[in-house]
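Everything quoted here is computed from the prediction, not taken from an experiment. Residues take their numbers from the sequence shown, with the count starting at 1. All values below come from the heavy atoms of this structure, side chains included, with hydrogens, waters and symmetry mates left out.
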Amino acid sequence: MTAINTRPVRESTGSLLRFALRADATLCAGVGLLVAMAADPLSRLSGLSATSEWLAGAALVIYGAALYLAAGLPDVRRVGVGVLAGNIAFAILATVVLVVGWLPLTDLGVAATAVFTAATLAFAYAQYLGVRRLA
């Protein structure tokens with residue numbers, strides 16, 4: 001016998017949004033840990049200093065941990081809207097930085113930043129769907 005979910009969409013538990021937030025948190029923390037641990041060799045590949053790489057990696061680890069905890073809060077919609085707005089703002093800022101050339105990035109550094117920005121937008125879309133489902 002299969003169970004049928006008869007709850008209206010507005011009474012949803014926010015499972016899609018929680019999943020999208022936790023997936024975002026996990027990827028950020030994982031990439032941040034990798035960047036922080038390999039800051040010196042990555043700095044030679046990306047064009048940034050090893051200190052910049054380490055700081056960015058550490059910030060991603062802290063952000064990932066905080067986001068993972070925030071995804072468990074009862075009012076997940078408010079968290080989702082905030083993270084969605086932040087992800088869109090980050091993507092716009094990263095795109096402007098790449099287009100204007102404000103950082104001394106190598107071609108590999110530009111490509112890595114573009115890939116990370118695209119992943120951020122993919123998570124933003126999943127978070128948008130999760131927030132919309134709760135509306």
Checklist entry - Listed by chain and number, what are the side chain to side chain donor-acceptor pair (under 3.5 Å) partners of Ser49, not counting sequence neighbours? => result Ser52

Checklist outcome for this item: Here the gap from Thr113 atom OG1 to Leu103 atom CG, rounded to the nearest 0.5 Å, amounts to 7.5 Å

Item to check | ILVMFWY cluster membership beyond Val115 - transitive side-chain contacts under 4.5 angstrom | outcome: none

Next on the checklist: Grouping I, L, V, M, F, W and Y whenever their side-chain heavy atoms are under 4.5 Å apart, do Trp102 and Val99 come out in a common cluster?
Outcome noted: no

Next on the checklist: Tell me whether Phe90 shares a hydrophobic cluster with Leu60, the cluster being built from Ile, Leu, Val, Met, Phe, Trp, Tyr side chains joined at under 4.5 Å.
Outcome noted: yes

Next on the checklist: Looking at every heavy atom in both Leu16 and Arg133, which two are closest together, and how far apart are they?
Outcome noted: CB-NH1, 3.7 Å

Item to check | Counterpart residues, side chain to side chain contact (heavy atoms under 4.5 Å, CB included), relative to Leu108 (two or more places apart) | outcome: Leu45, Thr106

Item to check | Residues clustering with Leu55 (ILVMFWY side chains joined when closer than 4.5 Å, directly or via others) | outcome: Trp54

Item to check | By side chain to side chain contact (heavy atoms under 4.5 Å, CB included) - contacts of Ala38 (at least two apart) | outcome: Pro41, Leu42

Next on the checklist: Please find the pair of heavy atoms, one from Pro104 and one from Leu48, that lie closest to each other, and give the distance.
Outcome noted: CD-CD2, 4.3 Å

Next on the checklist: Considering only residues two or more places apart or on different chains, which pairs with a residue in residues 92-101 satisfy side-chain hydrogen bond (donor to acceptor under 3.5 Å, both in side chains)?
Outcome noted: none

Pairs of donor and acceptor atoms involving the side chains of residues 20-37, under 3.5 Å and at least two apart or interchain, shall be tabulated with distances.
{"unit_1": "Asp24", "atom_1": "OD2", "unit_2": "Asn87", "atom_2": "ND2", "d": "3.0"}
{"unit_1": "Asp24", "atom_1": "OD2", "unit_2": "Gln127", "atom_2": "NE2", "d": "3.0"}
{"unit_1": "Thr26", "atom_1": "OG1", "unit_2": "Arg22", "atom_2": "O", "d": "2.8"}

Checklist entry - Any side-chain heavy-atom pair from Val131 and Val76 closer than 4.5 angstrom? => result no

Item to check | Shared hydrophobic cluster, Leu69 / Val79 (ILVMFWY, side-chain heavy atoms < 4.5 Å) | outcome: no

Checklist outcome for this item: Connected to Tyr68, directly or through other members, by ILVMFWY side-chain contacts below 4.5 Å are none

Item to check | Ala91: side chain to side chain contact (heavy atoms under 4.5 Å, CB included) partners, not counting sequence neighbours | outcome: Thr117, Leu121

Checklist entry - Are Phe116 and Leu93 grouped together when hydrophobic residues (ILVMFWY) are joined by side-chain heavy atoms under 4.5 angstrom apart? => result no

Item to check | Test item: Val81 and Tyr128 side chains (from C-beta on) under 4.5 Å apart, heavy atoms | outcome: no

Item to check | Summary of salt bridge (charged side-chain N to carboxylate O under 4.0 Å, His left out) pairs that have at least one residue in residues 74-97, sequence neighbours excluded | outcome: Asp75-Arg78

Item to check | salt bridge (charged side-chain N to carboxylate O under 4.0 Å, His left out) partners of residues 101-127, not counting sequence neighbours, each pair once | outcome: none

Checklist entry - With sequence neighbours left out, which residue pairs that include part of residues 38-55 fulfil the salt bridge (charged side-chain N to carboxylate O under 4.0 Å, His left out) condition? => result Asp40-Arg44

Checklist entry - Do Ile88 and Tyr125 share a hydrophobic cluster (ILVMFWY, side-chain heavy atoms under 4.5 Å, transitive)? => result yes

